[in-house]
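Note sheet for the following structure.
In this text, all values refer to a predicted model and were calculated from it rather than measured experimentally.
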Amino acid sequence: MPHLIPIGRFARMVRLSVKALRFYDEQGLLPPARVDPSSGYRFYTAGQAARAEAIRVLRAIDMPVASIRSLLDDPDLVVKRLADHRELLRERVAEQERMLRFLERLIDRGGIMPYEVSVKQVPAQTVASLTVTTSLADIGAEMGRGFAALAARIGAAGGTPAGPPFVIYHDVIDAQTPGRISLCVPAAEGDAEIAASLVACVTHRGPYAEISPAYHVLAGWIEENGREAGGAPREVYLNDPRTVAPEDLLTEVQFPIVQ
């Protein structure tokens, strides 16, 4: 039988904490070679060090535990999984670089972005709708799935969208706080009616992640002009992120106001 190494010594050998080793055991990534039945103490072998090192490196590059498990359990997937993760990291770096450029512009302009506020009447609309609770981390994926489901629902009823999709933000969603949103697609075959409203609005050009200053400008305009907010804000997506570059995305941000 191979020489057994106590968990503390094995942790120092592979540069993982005891807590991490216990977690990877629970996740089925790195079960110990032996567990003492009376004490529950874990023991490993030197031969497990290579797998432990692979896990440590993969976690260091932010690969999810589930992806690591499938990669290590099926060596034939290694090349594909690593290529997929490399592409994910490239996209993440590109997004972070965009956000840094946005921050530089924001600071250079003293926090003021060039938006022109207008007021208009939005007519009542029949929409196919879906309300979900989501987090800041998941909102993009949730919206993609939701709008696809709404398009399929409209198509199954023999209809077509009658206008650009939009989202109503019932709650403020930030990194710590999830909230409710309603995804809406105008269509005669819809299941909900959005009442007519007077709105103050601006058009944002650029990535969705850089849209916050539009909210600042609208909220400030409402305050400065003695108006009263009349409902949850909306984002109307005027073009398709699948067909235009992030810097060319057009989003109309609408704040309903009391008439």
Side-chain angles (χ1 to χ4, degrees), residues 115-175 177-219 221-222 225 227-259:
Y115 293 109
E116 182 177 344
V117 178
S118 60
V119 175
K120 68 179 181 180
Q121 186 75 31
V122 176
Q125 300 178 80
T126 301
V127 301
S129 68
L130 176 66
T131 299
V132 298
T133 298
T134 187
S135 66
L136 189 63
D138 296 334
I139 191 169
E142 195 78 66
M143 288 171 61
R145 290 190 295 267
F147 280 131
L150 291 175
R153 187 193 304 175
I154 294 168
T160 57
F166 60 94
V167 170
I168 301 172
Y169 285 84
H170 302 288
D171 302 308
V172 175
I173 300 173
D174 60 26
T177 311
R180 289 183 311 121
I181 60 174
S182 290
L183 285 68
C184 303
V185 178
E189 300 77 16
D191 53 12
E193 180 84 9
I194 305 297
S197 61
L198 184 70
V199 303
C201 59
V202 300
T203 299
H204 170 76
R205 186 186 187 98
Y208 300 136
E210 300 177 7
I211 205 167
S212 290
Y215 283 75
H216 305 165
V217 167
L218 282 169
W221 183 91
I222 290 172
N225 287 272
R227 306 302 292 261
E228 181 182 348
R234 310 168 188 170
E235 291 180 6
V236 184
Y237 305 108
L238 302 177
N239 52 12
D240 191 337
R242 296 170 298 182
T243 60
V244 300
E247 59 270 21
D248 293 326
L249 290 170
L250 294 175
T251 308
E252 185 173 271
V253 182
Q254 301 177 349
F255 274 40
I257 53 178
V258 176
Q259 302 199 37

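- Residue-environment remark: CD (Glu228) stays at or below the threshold of 12 foreign heavy atoms within 6.0 Å.
- Side-chain contact check for Thr177 versus Val172: every heavy-atom pair is 4.5 Å or farther apart.
- Smallest separation of non-hydrogen atoms from Val253 and Ala214: CG2-CB, 4.0 Å.
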Verdict with reasoning, Thr134 to Ile181, per side chain to side chain contact (heavy atoms under 4.5 Å, CB included):
CA-CA 8 Å; Thr134 187; Ile181 60 174; 4.0 Å; yes
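- Of all heavy-atom pairs between Ser129 and Asp191, the closest is N-OD1, 3.1 Å.
- Taken from CD1 in Ile168 to CD1 in Ile194, the straight-line distance is 4.0 Å, to the nearest 0.5 Å.
- Between Val127 and Val185, the closest side-chain pair of non-hydrogen atoms is not below 4.5 Å.
- By the side chain to side chain donor-acceptor pair (under 3.5 Å) test, Thr203 pairs with no residue at all, sequence neighbours left out.
- Taking both residues in full, the closest heavy atoms of Asp171 and Arg180 are given as OD2-N, 2.8 Å, listed atom of the first, atom of the second, then distance.
- Nearest approach of Ala232 to Pro256, heavy atoms of both residues: O-CD, 3.3 Å.
- Looking at every heavy atom in both residues, Ile173 comes nearest to Ser135 through CG2-C, 4.0 Å.
- Between His204 and Tyr115, the angle of the ring planes lies from 30° to 60°, which puts this pair in the tilted group.
- Annotation: the span from Ser182 atom OG to Arg234 atom CZ amounts to 10.5 Å, rounded to 0.5 Å.
- Atom CZ of Phe255 sits about 13.0 Å away from atom OG of Ser197, to the nearest 0.5 Å.
- Arg227 CZ to Leu218 CG: the interatomic distance, rounded to the nearest 0.5 Å, is 12.5 Å.
- The CG atom of Asn239 lies 5.5 Å from the CG atom of Leu249; values are rounded to the nearest 0.5 Å.
- Among all heavy-atom pairs drawn from Val258 and Ala229, the shortest one is CG2-O, 3.9 Å.
- The side-chain heavy atoms of Glu252 and Lys120, taken from C-beta on, include a pair separated by under 4.5 Å.
- Taking CD1 of Ile139 as the start and OH of Tyr208 as the end, the distance is 11.5 Å to the nearest 0.5 Å.
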